[in-house]
Each structure stands twice: as C-alpha cells, then as structure tokens.
Amino acid sequence: LNLKDFTRLAIDKLYDPKGKGFFVLIEGGSIDHAMHANDAAAAIHEVINFNESVAIAMDFYRKHPEETLILILSDHETGGLSLGRDGARNFTATPLMEQKMSYHKMEEMLAGRHDIDSVLNFIDKEVFSLTAEDRSYIKKRCTENIKEDQKALYSRNLMSVFATLEIMQNRCHIGFS
C-alpha cells in the first residue's frame, strides 16, 4: 500500500454519515527521508504520491464541503535542494526518470554484497546505467578511508549508494546544501 491507498482507506473507515465526524492526519514522511538522503528522484516520486493523497482528500471534500476542512502544511525543508549548479541554470530532470529505485531500496538490496564488482553490476542493471567513469568514481568513493568513529554509520555499500546519488546529482545539475 502507498500513501494514496492509506488515505482512501482512512477516509473509508473513519467516515460515518451518522457519526460525529473524524480527524485524520496524513503525513508524507517519505519525502523527508528522501531529502535527508539527497535522493531527488525518490523525493519527486514521494511528492507525486502525496499529491495523489491530497486529491483523494479533495474528492471527499467535494462530496462534503460543509463539514470538511483540509490543511496542508510543511513542518520544514530538508536537504536544501537547488535546481541548477555552480551558478548555472542548467537543471535537467531527464536523468531522474532513469533512476529505478530509491536510496533506501538500494541500501537494502546491496546489504551483504561484499564484492565491489557485484555492487557495480547491481547498480548498473537495477538502478541506472553506469559509464566507465561512473564505475571508477563509485570504486574510489567505496575505498576512501572512513574515519574510525564513522565506521558504524558508513559501510562500503552505503558509500556506494551515496556515490550513486552523487552521480545522479551531477547528471541533473542539482545540488543539496
């Protein structure tokens, strides 16, 4: 189930025409998770999913306008996404459409892979196509020294996910602060 499905389910279960009304909070929390990871493609998909959830709530409102209040709020921005990079207005969304899975799914699917070539082949086949330069960049990022106090946070596979997202950012000319 996705957010849209949960929204529909919540309204269907909570609405009682003879009841006292109901309150439901629908949170697009996965947008926040994607932005924390600087994963623009996942963030876009999550915003679209949230928008579809709002559309379902609006459908309910149209049927019950005298008894419905919809508030759409953002608690904060995460990631500092900028379209265009290095002072240029050169953003392109096309590469984002090639990314087939989120950082979270990549991390999950790469767990337990210890061979860098296996990691690279997975990314190339399951996430988006890699050039020889991309492969070299990911290998380099995965072999960089990780500070001793960060080893628990950053595994080699997680570094490969970060490097993959950095490649996507470069292809799209986007930045995160």
Side-chain angles (χ1 to χ4, degrees), residues 1-85 89 91-113 122-129 153-155 157-158 160-177:
L1 295 174
N2 60 34
L3 193 62
K4 175 178 69 172
D5 298 326
F6 280 115
T7 301
R8 182 175 287 116
L9 182 64
I11 291 170
D12 290 347
K13 292 288 184 188
L14 295 172
Y15 178 66
D16 177 1
K18 298 176 185 171
K20 293 182 179 180
F22 66 93
F23 170 86
V24 64
L25 173 88
I26 308 296
E27 181 181 8
S30 294
I31 299 167
D32 185 58
H33 296 186
M35 292 301 289
H36 273 294
N38 297 348
D39 186 348
I44 289 168
H45 290 289
E46 293 302 332
V47 168
I48 290 168
N49 194 11
F50 182 76
N51 189 53
E52 292 169 345
S53 298
V54 170
I56 289 168
M58 291 301 296
D59 287 344
F60 182 83
Y61 167 79
R62 284 185 207 57
K63 294 173 188 167
H64 310 280
E66 298 300 318
E67 56 191 282
T68 304
L69 172 66
I70 296 175
L71 300 174
I72 301 171
L73 307 169
S74 172
D75 61 345
H76 64 94
E77 195 283 331
T78 304
L81 175 64
S82 62
L83 305 180
R85 210 175 164 144
R89 295 181 183 183
F91 167 71
T92 178
T94 305
L96 292 171
M97 303 309 151
E98 298 170 14
Q99 185 176 323
K100 299 176 209 151
M101 70 176 62
S102 70
Y103 75 96
H104 181 70
K105 190 69 174 173
M106 278 188 265
E107 185 180 2
E108 180 183 305
M109 298 297 290
L110 288 171
R113 291 178 192 255
F122 174 83
I123 293 168
D124 186 52
K125 182 179 177 192
E126 302 296 334
V127 182
F128 58 78
S129 297
L153 295 174
Y154 301 113
S155 67
N157 290 346
L158 188 55
S160 68
V161 172
F162 291 157
T164 301
L165 295 175
E166 289 165 0
I167 290 167
M168 182 56 70
Q169 292 164 23
N170 289 332
R171 288 181 183 181
C172 297
H173 306 285
I174 58 176
F176 290 88
S177 58

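Computed from a prediction, not measured in an experiment: that's the story for all the values here.
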*For this output row, return yes or no: ring centroids of Tyr103 and His33 closer than 6.0 angstrom.*
no
Counting only N and O atoms by type, is there a donor-acceptor contact under 3.5 Å from the side chain of [X] to the main-chain atoms of [Y]?
X	Y	answer
Arg62	Met58	yes
Lys100	Lys125	yes
Thr7	Ser53	no
Gln169	Asn38	yes
Asp5	Asn2	yes

Side chains of [X] and [Y], heavy atoms from C-beta outward: is any pair under 4.5 Å?
X	Y	value
Ile26	Phe6	no
Met109	Glu126	no
Pro95	Met168	yes
Arg85	Phe91	no
Glu27	Leu3	no
Ile174	Ser82	no
Leu25	Phe23	yes
Phe162	Thr164	no

*Could you grab the distance from atom NE2 of His45 to atom CE of Met97, nearest 0.5 Å is fine?*
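Answer for the NE2-CE pair, His45 versus Met97, is 6.5 Å.
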*Output the distance between atom CD1 (Ile123) and atom OG (Ser160), rounded to the nearest 0.5 Å.*
4.5 Å
*Hey, what's the ring geometry for Phe60 with Tyr15, parallel, tilted or perpendicular (30° and 60° as the breaks)?*
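Phe60 and Tyr15: perpendicular rings.
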If you take all heavy atoms of [X] and [Y], which pair is closest and at what distance?
X	Y	answer
Ala40	Leu96	CB-CD2, 3.9 Å
Ser102	Ala42	CB-CB, 3.7 Å
Leu165	Met106	CD2-CE, 3.8 Å
Ile70	Ala57	CD1-O, 3.4 Å
Phe128	Glu98	CB-O, 3.7 Å

_Counting neighbours of NZ on Lys105 that are heavy atoms of other residues, nucleotides or ligands and sit closer than 6.0 Å, is the number greater than 12?_
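No, the 6.0 Å shell around NZ holds no more than 12 heavy atoms from other groups.
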*In this structure, are over 12 heavy atoms from other groups packed under 6.0 Å from His104 atom NE2?*
no
*asked:* Do Asp39 and Gln99 pair up side chain to side chain, a donor and an acceptor below 3.5 Å, judged on atom types alone?
replied: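 Judged by distance alone, the side chains do pair up.
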